[in-house]
Amino acid sequence: GNNIGVPTPATSNLTFYVSTSGSDSNDGTSGNPFATIQHAVDVACSYDYQNLYLPTINVADGTYTLSTPIFLRPIINASLNDWIGFQSGTINGNLTNPENCKLNAHGLRCIGSSWNVGGFQIDSSTFGLQADFYSQLVFGSMNFDDSTESGNLKVCWATRSSWIGDNKSGSVYKILC
């Protein structure tokens, strides 16, 4: 990827890695992971997937304390002349034991994009997952701290957004707006 506004064409599916022991100056490989999920999303979204490939972000066990929500940006498909394209990126935490991969203080915000997210425990004082403005957010194997007054699933001015998912206890959420 690059930072000048012109996406780099992807030539295959891309996988990026995140670990609490990583650094955002690393290249995001399994041996040199990024430190933050947001940086991995930003790098993944700097590529043009050409309606052929998809990005995956694998997040190692640990506690990730967020100063702001993770902004899930759109996947670029310039070959379709489409900034959304509704090709989905994937972010995987620990799908078997989501309590081992925690997001603290904030959750994930999907705006004008499509993402699959799974394997996290979200302990948030604001919201866990939020989707709006033509978004699609599919989630599974998630634990939510539902002790907050506003709850952890939130749809704000959700123009044609959809959610499909389940929490670890097996309840299924399907919210179409």
Side-chain angles (χ1 to χ4, degrees), residues 1 7-20 22 24 26-62 64 66 69-80 82-103 106-122 124 127-144 152-153 161-168 172-175:
T8 301
T11 57
S12 66
N13 291 323
L14 298 177
T15 302
F16 302 96
Y17 296 85
V18 177
S19 171
T20 56
D24 284 347
N26 286 347
D27 60 7
T29 60
S30 59
N32 294 300
F34 296 130
T36 64
I37 300 167
Q38 184 64 65
H39 187 72
V41 169
D42 293 344
V43 171
C45 291
S46 71
Y47 287 86
D48 174 6
Y49 292 93
Q50 305 176 72
N51 204 33
L52 298 171
Y53 310 110
L54 297 171
T56 298
I57 298 168
N58 293 318
V59 181
D61 286 357
Y64 299 85
L66 309 172
I70 296 168
F71 175 44
L72 303 178
R73 299 171 43 199
I75 304 300
I76 299 169
N77 292 297
S79 63
L80 297 176
D82 187 353
W83 67 279
I84 299 176
F86 274 92
Q87 281 188 279
S88 295
T90 299
I91 303 175
N92 293 318
N94 187 323
L95 297 172
T96 305
N97 297 308
E99 63 276 6
N100 293 339
C101 198
K102 295 181 183 181
L103 303 181
H106 292 280
L108 298 111
R109 187 174 188 198
C110 187
I111 301 175
S113 58
S114 178
W115 285 86
N116 302 314
V117 178
F120 294 96
Q121 177 168 318
I122 301 180
S124 172
F127 60 84
L129 299 173
Q130 178 177 346
D132 48 22
F133 189 67
Y134 296 90
S135 293
Q136 176 176 288
L137 184 56
V138 179
F139 61 96
S141 296
M142 302 285 281
N143 288 338
F144 296 100
N152 260 306
L153 294 175
S161 295
S162 66
W163 307 56
I164 302 171
D166 65 271
N167 63 18
K168 191 65 175 166
V172 174
Y173 303 97
K174 184 172 184 180
I175 303 167

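Start at 1 with the first residue, then count along the sequence. Since the structure is predicted, the reported quantities are computational estimates derived from the model, not experimental observations.
By the side chain to side chain contact (heavy atoms under 4.5 Å, CB included) test, Asn92 pairs with Thr56, Asn58, Thr90, Leu95, sequence neighbours left out. Listed by chain and number, the residues in a side chain to side chain donor-acceptor pair (under 3.5 Å) with Asn26 amount to none (sequence neighbours excluded). Applying the side chain to side chain donor-acceptor pair (under 3.5 Å) test to Asp61 and every residue at least two apart in sequence or in another chain returns Asn94.
Considering only heavy atoms from C-beta on, Ile75 comes within 4.5 Å of Cys45 through its side chain.
Distance alone, capped at 3.5 Å, places no donor-acceptor pair between the Ser19 side chain and the Ala60 backbone.
Atom OH of Tyr64 sits about 8.0 Å away from atom CZ of Phe120, to the nearest 0.5 Å. Atoms CD1 and CG, on Ile122 and Leu66 in that order, are 9.0 Å from each other to the nearest 0.5 Å. Ile70 CD1 to Arg109 CZ: the interatomic distance, rounded to the nearest 0.5 Å, is 13.5 Å. Taking CD1 of Ile91 as the reference point, atom CH2 of Trp115 lies at 5.0 Å (rounded to 0.5 Å). Summarising the geometry, atom CG belonging to Asn116 is positioned 11.5 Å from atom CD1 belonging to Ile57; distances are rounded to the nearest 0.5 Å.
For the pair Ser88 and Ser114, the tightest heavy-atom approach, listed with the atom from each and the gap, is OG-OG, 2.5 Å. Residues Tyr49 and Pro55 come closest through the heavy atom pair OH-CB, 3.2 Å. In this structure, Lys102 and Glu99 approach most closely via the heavy-atom pair CE-O, 3.1 Å. Across all their heavy atoms, Cys101 and Val59 have their closest contact at SG-CG1, 3.7 Å.
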Below 3.5 Å, can you tabulate the donor-acceptor pairs from side chains in residues 27-43 to any protein atom, sequence neighbours excluded?
residue	atom	partner	partner atom	Å
Asp27	OD1	Thr29	N	3.2
Asp27	OD1	Thr29	OG1	2.9
Thr29	OG1	Asn32	N	3.2
Thr36	OG1	Asp24	OD1	3.2
Thr36	OG1	Asp24	OD2	2.7
Thr36	OG1	His39	N	3.2
Gln38	OE1	Phe71	N	2.7
Gln38	NE2	Asp42	OD1	2.9
Gln38	NE2	Phe71	O	3.2
His39	NE2	Asp24	O	3.1
Asp42	OD1	Arg73	NH1	3.4

